[in-house]
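These numbers come from the heavy atoms of this one structure, side chains and all, not from hydrogens, waters or symmetry mates. Note that the structure is a prediction, hence the values are computed from the model and not measured.
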Amino acid sequence: MIRRRIIELLTRAANEAQKSGKLPSVALPEITIEHPQNPEHGDYASSFPLKLARTIGVNPLTIARDMAGFITPTPEIESITVAPPGFINFTLNNDWLTGQVDAILTAGESYGNIDLGKGSRVQVEFVSVNPTGPLHVGHGRGAILGSTLANVLAAAGYDVEKEYYVNDAGSQMAAFYRSLYARYQQCLGADAEMPADGYLGQYMVDLAKEIIAEQKERFLSLPPEEAIAKLGKLGLDRIMAQIRGDLELLRVSFDVWFSEQSLYDNGQYKKVMSLLQKGGYIAEKANATWFVSTALGEDKDNVVVRSDGSPTYFATDIAYHYNKFIERGFDKVINIWGADHQGHISRMKAVVAALGIAPERLKVIISQMVTLRRGKELVKISKRSGDIITLREVIDEVGADACRFFFVSRTADSQMDFDLELAKKQSADNPVYYVQYAHARIASILRLAEEKGIDCADGDVSLLTTEPELTLIRKMLLLPEILEVVAFTLEPHHLAYYAQDLATVFHSFYMQCRVVTEDEKMTKARLKLVEAAKTVLARTLNLMGMNAPDRM
RNA sequence: GCGCCUAUAGCUCAGCGGAUAGAGCAUCGGUCUUCGGAACCGAGGGUCGUGGGUUCGAAUCCCUCUAGGCGCACCA
């Protein structure tokens, strides 16, 4: 990656300058470069001399000049200039730039890949919704965030596993089972009351009816406890199938579906509890068992086992993270949670620390709330109240591509409105079509060339010298940098902005440069360029889990 | 009361401590009509919520305040 190359050159120059005595031997600040907004300042610029000036008290412009003298010329770089008050600017060489078109074509679908992760193992756990009902838009946001992030991390050289944690144990599931039993009885004309903490949505009635259609009234005669258990299992399977189906529609897939219950069945829960006990992190208070978070700087302790003997959600999450880090040995674990889990972060970090794991290895991304609207009308999303618009309905209305793009283009930490009316009405203006259109346009050009029997394999890319052509190449070269940023910050929205930028630059090129003309040599060169652009666009769309259509 | 998130153009949002704060939509005005017009080019529009501070330099970092959201369970 050219960005890395330039940073290396600067680092070496700084070291050489120190050796020669032009710069004092002090600890150097980190060398950073950026893309100047003004093209006259080149492709890359470093303000390193300005930063160093502070610590050593030398005129930044002098530092810049001294350092520039130590930068060894390379084929990639056309010129290195020094600009006040102390910038070092780099301009890329045109021959090198055009040569990158061939490089992109050679790389093909792997173009953009970098080796940031060096094969280290990362788990991305996301969605992990309790199987008590259908998914809603908020879950969709987490799903798209997680799957896009996983795609990018894989491209950045990490060994990625995607996981869905199935909460098939615990009190909320118990409430779900009891609700299902009540609806089942009611649908068969029996007298039954919904539990106070029950799930009141219409989908529970539908679920009961589905089960009745298949299983008839056979559970009616069983003792309630047994009926609840058996019905519950059937209900759980059906809801999980529905969730999987919804996620598939969004092109979200998982490598592992991890069962909460298995933590008990496999003894992980017991193991981790005795570990924490030995570490002195467990205390008995008021008839319950507590994790002593206060020993690790937390505000308060947290219950792990209730006074009735049942473990809390926090208890299984402790076992789960023990399993992730210790049993399965992930180097890094990324959890994507909804905003309502914010308060859970610090105590989970405390747990991880108590298990002797560096807390930085656990990254939690909080995706803020999505409010759903139809025009001005707010639609409440609550599984219990029952008045829900499901994720599936939203996908049906706006389509998976638009849905994905819409969610991925906003940072996780700001709340967003999802206006169904607007999403539908403006779907033709949706940026997703703008980007996909660029791809389809290129495909169309390539079809034309094929019809004419033009083979561009021997095309000479050095003919690509005009501004629109070089601008397009420059933009294509940014993809690896974008992947680096996304993998580092865990903020996939940069990808969506890049996709739009790339499409814009292509459309602009298209307007100014005709590809297929009487000029055979130029035609072949531009066909190569356009094919490379198609490669980069497709890769970008695919990383976002979107289609790159040849026709629309 | 405490913790976390947010506040940037009319609207929806980008913005990595750096050189003139950007994009889409909307508005206004152009291009064009031989590779797909679902396109391109241009213009207007901003005291970056408030008030301080750090810095050669702050939308960006620190503090105050205001407004909105989410948490602060022996729910998950």
Open item on the list: B/G18, OP1 or OP2 - any side-chain N/O from A/S47 closer than 4.0 Å?
Closed with: no
Open item on the list: Can you check the distance between B/G17 and B/C32, where both ends of the measurement are the C1' atom (answer in whole Å)?
Closed with: 45 Å
TODO: Check ring pair (Phe, Tyr, Trp, His ring centres under 6.0 Å) between A/F90 and all other residues, then give those that pass, not counting sequence neighbours.
DONE: none
Open item on the list: Using the C1' atom as the point on both nucleotides, what is the distance between B/C40 and B/U33, in whole Å?
Closed with: 13 Å
Open item on the list: Could you tell me how far apart A/E34 (CD) and B/G22 (C1') are, to the nearest whole angstrom?
Closed with: 16 Å
Open item on the list: From CZ of A/F418 over to C1' of B/U12, roughly how many Å is that when rounded to an integer?
Closed with: 13 Å
- [ ] State whether A/F406 and A/R410 meet the cation-pi test: NZ (Lys) or CZ (Arg) under 6.0 Å from the six-membered ring centroid, and within 45° of the perpendicular axis.
- [x] yes
Open item on the list: For B/C2, give the paired nucleotide (Watson-Crick: N1-N3 plus N6-O4 or O6-N4; G-U: N1-O2 and O6-N3; both under 3.5 Å), or none.
Closed with: B/G71
Task: Identified side chain to side chain donor-acceptor pair (under 3.5 Å) counterpart of A/T294 within the set A/D299, A/D301, A/N302 - done: A/D301
- [ ] Rounded off to whole Å, could you give me the OH-to-P distance for the A/Y434 and B/A39 pair?
- [x] 7 Å
- [ ] Using heavy atoms to find the nearest nucleotide of RNA chain B for A/V303 and A/M369 separately, return the residue whose nucleotide is more 5′.
- [x] A/M369
TODO: Starting from P on B/C13, measure out to CZ on A/F407 and report it in whole angstrom.
DONE: 13 Å
TODO: Please state the C1' separation for the pair B/G15 and B/U31 - nearest whole angstrom.
DONE: 31 Å
Open item on the list: Whether the side chain of A/S179 engages the backbone of A/A175 through a donor-acceptor N/O pair (distance < 3.5 Å, no angle test) should be reported.
Closed with: yes
Task: Main-chain N/O of A/L362 paired to A/N335 side chain as donor or acceptor, under 3.5 Å - done: no
Open item on the list: Distance check needed: B/C70 C1' versus A/W337 CH2, whole Å only.
Closed with: 15 Å
Open item on the list: Is A/H41 stacked against the base of B/A19, taking the criterion as centroid distance under 5.5 angstrom and interplanar angle under 30°?
Closed with: yes
Task: Atom P, compared across B/C72 and B/A9: separation rounded to whole Å - done: 33 Å
TODO: Please name all residues satisfying ring pair (Phe, Tyr, Trp, His ring centres under 6.0 Å) with A/H344, sequence neighbours left out, ordered by chain then number.
DONE: A/Y313, A/F314, A/W337
Open item on the list: Tell me which nucleotide, if any, is Watson-Crick or G-U wobble paired with B/A7 when both distances must be under 3.5 Å.
Closed with: B/U66
Open item on the list: Roughly how many Å apart are B/U60 and B/C48, using the C1' atom of each and rounding to a whole number?
Closed with: 10 Å
- [ ] Tell me what A/N167 touches on the nucleic acid: a base, only sugar-phosphate, or nothing, going by heavy atoms under 4.0 Å.
- [x] sugar-phosphate
- [ ] Just name whichever nucleotide pairs with B/A39, Watson-Crick or G-U, keeping both distances under 3.5 Å, else none.
- [x] B/U31
- [ ] Counting Watson-Crick and G-U wobble pairs only, both distances under 3.5 Å, name the nucleotide matched with B/C56, or none.
- [x] B/G18
Open item on the list: Under 4.0 Å from OP1 or OP2 of B/A76: is there any side-chain N or O of A/Y320 that close?
Closed with: no
Task: For RNA chain B, the residues among residues 493-520 of chain A that have a non-hydrogen atom under 4.0 Å from it - done: A/H493, A/H494, A/Y497, A/H507, A/S508, A/Y510, A/M511, A/C513, A/R514, A/V515, A/V516
Open item on the list: Looking at A/K524 and A/E520, is any side-chain nitrogen of the basic one under 4.0 Å from a carboxylate oxygen of the acidic one?
Closed with: yes
Task: Residue list, ring pair (Phe, Tyr, Trp, His ring centres under 6.0 Å) with A/Y320, at least two apart or on another chain - done: A/Y165, A/F258
Task: Contact under 4.0 Å: A/T411 side-chain N or O vs B/A14 OP1/OP2 - done: yes
Task: Salt bridge flag under 4.0 Å for residues A/K324 and A/E163 - done: no
Task: Whole-Å gap separating P (B/A76) and NE2 (A/H344) - done: 10 Å
Open item on the list: Assess whether a salt bridge exists between A/R514 and A/D519, defined as any Lys/Arg side-chain N lying under 4.0 Å from an Asp/Glu carboxylate O.
Closed with: no
TODO: May I ask you to say what A/L448 touches in the nucleic acid, namely base, sugar-phosphate or nothing, with a heavy-atom cut-off under 4.0 Å?
DONE: sugar-phosphate
Task: Rounded distance in Å - NZ (A/K300) to C1' (B/A73) - done: 7 Å
Task: ring pair (Phe, Tyr, Trp, His ring centres under 6.0 Å) against A/Y269, all qualifying residues, sequence neighbours excluded - done: A/Y264
- [ ] Counting heavy atoms from C-beta on, name the nucleotide in B/A19, B/A76, B/A38 closest to the side chain of A/A83.
- [x] B/A19
Open item on the list: Taking atom types as they are modelled, would you say the side chain of A/R54 forms a donor-acceptor pair with the base of B/G17 within the 3.5 Å cutoff?
Closed with: no
- [ ] Using the C1' atom as the reference point in each nucleotide, state the distance between B/A23 and B/A67 in Å, no decimals.
- [x] 27 Å
Pairs under 3.5 angstrom, nitrogen or oxygen only, protein versus nucleotides 4-6 of chain B, please.
from: B/C4; atom 1: O2'; to: A/Q342; atom 2: OE1; distance (Å): 2.8
from: B/C4; atom 1: O2'; to: A/Q342; atom 2: NE2; distance (Å): 3.4
from: B/C5; atom 1: O2'; to: A/D413; atom 2: O; distance (Å): 2.2
from: B/U6; atom 1: OP1; to: A/D413; atom 2: OD1; distance (Å): 3.4

TODO: Select base, sugar-phosphate, or nothing to describe what A/N89 touches, counting heavy atoms under 4.0 Å on all strands.
DONE: base
Open item on the list: Can you see if the side chain of A/Y437 gets near the phosphate of B/G37 - specifically, an N or O under 4.0 Å from OP1 or OP2?
Closed with: yes
Task: Nearest listed nucleotide, side chain of A/Y433, among B/A38, B/C74, B/C13 - done: B/A38
Task: Distance, rounded to the nearest Å, where A/F87 contributes CZ and B/A19 contributes C1' - done: 5 Å
- [ ] Using the P atom as the reference point in each nucleotide, state the distance between B/A7 and B/U50 in Å, no decimals.
- [x] 13 Å
TODO: With RNA chain B as reference, determine whether A/E260 or A/L446 sits nearer its 5' end, using the nearest nucleotide of each.
DONE: A/L446
TODO: Please determine which of A/I2, A/V486, A/I114 meets the side-chain contact (heavy atoms from CB on, under 4.5 Å) test together with A/E481.
DONE: A/I2
Open item on the list: Using the C1' atom as the point on both nucleotides, what is the distance between B/C2 and B/U12, in whole Å?
Closed with: 33 Å
